[in-house]
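To start, the structure under review is shown below, and the notes come after it.
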Amino acid sequence: MNISLNKHQHPPEPSRQAPLVPAAATIAGSDSGGGAGIQADLKTFQELGVFGASALTAVTAQNTLGVHGVHPIPPSMVTAQIDAVAEDIGPAAWKTGMLFSAEIIEAVADRASFYKWSRLVVDPVMIAKGGASLLQEDAVQALRSLLLPLTQVVTPNIPEAEALTGMRIAAMADRKEAARRIHAWGVKYVVLKGGHGGNRAQSLDLLYDGRVFTEFAAPWIETRHTHGTGCTFAAALTAGLASGFPMDEAVLLAKRFIQAALANPLNLGAGHGPTNHWGYNRQGTAGVFFQTAPAAAGEGEGWLR
């Protein structure tokens, strides 16, 4: 049977069924080399059983040797992509990566506020593995003042935490102070990653909820294939939250996922190669543990089971 519509008719509304899988969305740049950005995010979502949607903020010409070009997407188009995904797919969790400019950050913060996202993971991408800047200098303040107050969890590495807080981070006490400062801007949780901490025995990440510090430690893996580690970690955390995990379990999932991705290199490229997003589902992830760290005055402590 053929059905035609005249200009006064509208197509029937499609029936909406309950989703069979959780969904998450990434708002980030494209990495043509496939190791970071939305490519890493979508691979991670898929491996963890979460449907992935995306909104592009920039297109990069990039490989394991570095970033060779950046073309930002107009903020209005970033907004249009977010609206298209939010109004139909309705992701349970959202993640941001490379946002590039203050104008794009403003657009994302506006949508986060409009849709009242309760699970927003912000990976404050600033510098590519090869040293190229992925966030304009005037955008850092916009990130602090506009987006972080709307964020459930932010996942800076040590250099990013230094850029956000303006303080030098050397010892564990510095990491905790940086986490306190970032938390004070309105973020509910801070995960300060320890891969740049200089400890070649273990990689130790720190979760802070405003009261308790929780340490997530794993054996150090010596490898140059680390491209996209921050994107992948934050994407795994986002997938955990979309699946309904509490924050500590979502962080533990992310730590185990990136540990497996680093432990099973693909040996691609002549520079900083990508991590292995298949690693988590192909090999056990023993060796990652977590505990609450000793608390400062006024902060709680204990053991998580």
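Predicted model only: the values in this text are computed from it and were never measured.
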Q. Going from NE2 on H272 to OG1 on T223, what distance comes out if it is rounded to the nearest 0.5 angstrom?
A. 10.5 Å
For residues 75-86, dump all side-chain donor-acceptor pairs below 3.5 Å to protein atoms at least two apart in sequence or in another chain.
from, atom 1, to, atom 2, distance (Å)
T79, OG1, P75, O, 3.2
Q81, OE1, L56, N, 2.7
Q81, NE2, L56, O, 2.9
Q81, NE2, M77, O, 3.3
D83, OD1, R111, NH1, 2.9
D83, OD1, Y115, OH, 2.7

(Q) With side-chain contact (heavy atoms from CB on, under 4.5 Å) as the criterion, how do Q46 and H277 come out once you've worked through the C-alpha distance, each side chain's angles and the decisive distance to 0.1 Å? (A) CA-CA 9 Å; Q46 182 81 11; H277 296 90; over 6 Å; no
Q: To the nearest 0.5 Å, tell me how far L266 CG sits from W278 CH2.
A: 6.0 Å
(Q) So does A28 get a backbone contact from the side chain of T57, meaning a donor-acceptor N/O pair under 3.5 Å? (A) yes
Q) For the atom pair CZ (R175) and CD1 (I169), what is the distance rounded to the nearest 0.5 Å? A) 8.5 Å
Q. Take atom CD in Q141; do more than 12 heavy atoms of anything else shown fall under 6.0 Å from it?
A. yes
(Q) Can you give me the closest heavy-atom contact between S32 and T60, atom names plus distance? (A) OG-O, 3.5 Å
Q | Expected output: side-chain T238 to main-chain A234 donor-acceptor under 3.5 Å | A | yes
Q) Which atom pair, heavy atoms only, marks the closest approach of A58 to V70? A) CB-CG1, 4.3 Å
Q: List, by chain and then residue number, the residues other than V50 in its hydrophobic cluster (Ile/Leu/Val/Met/Phe/Trp/Tyr, side-chain heavy atoms under 4.5 Å); write none if there are no others.
A: L42, F45
Q. Is K255 close to D205 at the side-chain level, that is, under 4.5 Å between some pair of heavy atoms?
A. yes
(Q) If you compare all heavy atoms of Q62 against all heavy atoms of S30, which two are closest, and at what distance to 0.1 Å? (A) NE2-O, 4.5 Å
(Q) Looking at every non-hydrogen atom in both residues, tell me the closest pair between A217 and Q202 and how far apart they are. (A) CB-OE1, 3.5 Å
(Q) Using only atom types and a distance under 3.5 Å, with no angle test, would you say the side chain of R224 pairs donor to acceptor with the backbone of G273? (A) no
Q: Kindly indicate whether the side chain of L48, heavy atoms from C-beta on, has any atom under 4.5 Å from the side chain of Y280.
A: yes
Q: Supply the atom-to-atom distance T275 OG1 to Q259 CD, rounded to the nearest 0.5 angstrom.
A: 11.5 Å
Q. Is there side-chain contact between Y189 and T155, with at least one heavy-atom pair below 4.5 Å?
A. no
Q) Side-chain contact, heavy-atom cut-off 4.5 Å: T96 with L147? A) yes
(Q) Enumerate the salt bridge (charged side-chain N to carboxylate O under 4.0 Å, His left out) contacts for residues 34-54, please, sequence neighbours excluded, ordered by first and then second residue. (A) D41-K95
(Q) Are the side chains of F216 and K193 in contact, using a 4.5 Å heavy-atom criterion? (A) no
Q. Are side-chain heavy atoms of E177 and T165 found at a separation under 4.5 Å?
A. no
Q: Can you measure from CG (L253) to OG (S243) and round to the nearest 0.5 angstrom?
A: 8.0 Å
Q) Does the side chain of T151 reach to within under 4.5 Å of the side chain of K188, using non-hydrogen atoms? A) no
**Q.** Exercise: identify the closest heavy-atom pair between I73 and I104
**A.** O-CD1, 3.7 Å
(Q) Which residues pass the side chain to side chain donor-acceptor pair (under 3.5 Å) test with N267, not counting sequence neighbours? (A) H225
**Q.** Shortest non-hydrogen contact from A242 toward A24
**A.** CB-CB, 4.2 Å
Q.
For a side-chain contact (heavy atoms from CB on, under 4.5 Å) check, start with the C-alpha distance between N276 and R282, then their side-chain angles and the critical distance, and finish with the verdict.
A. CA-CA 10 Å; N276 182 354; R282 294 190 179 183; 6.0 Å; no
Q) If you group Ile, Leu, Val, Met, Phe, Trp and Tyr by side-chain heavy-atom gaps below 4.5 Å, do W185 and L150 land in one group? A) no
Q: Please lay out, stage by stage, how L143 and L164 fare under the test side-chain contact (heavy atoms from CB on, under 4.5 Å).
A: CA-CA 9 Å; L143 184 70; L164 285 171; 3.8 Å; yes
Q) So if you build clusters from Ile, Leu, Val, Met, Phe, Trp, Tyr with side-chain heavy-atom gaps below 4.5 Å, do L146 and F114 land together? A) no
Q.
Quick check for you: to the nearest 0.5 Å, what is the distance between Y208 atom OH and R181 atom CZ?
A. 13.0 Å
Q: Give the cluster check for V108 versus L148: same hydrophobic cluster or not, with ILVMFWY residues linked at side-chain heavy-atom distances below 4.5 Å.
A: yes
**Q.** Residues that H68 engages under side chain to side chain donor-acceptor pair (under 3.5 Å), provided they are two or more places apart
**A.** N63
Kindly list each side-chain donor-acceptor pair under 3.5 angstrom involving residues 117-127, sequence neighbours excluded, with atom names and distances?
from, atom 1, to, atom 2, distance (Å)
R119, NE, L241, O, 3.4
R119, NH1, A92, O, 3.2

**Q.** Side-chain heavy-atom pair T64, H227 within 4.5 angstrom cut-off
**A.** no
Q) So if you build clusters from Ile, Leu, Val, Met, Phe, Trp, Tyr with side-chain heavy-atom gaps below 4.5 Å, do M167 and I158 land together? A) yes
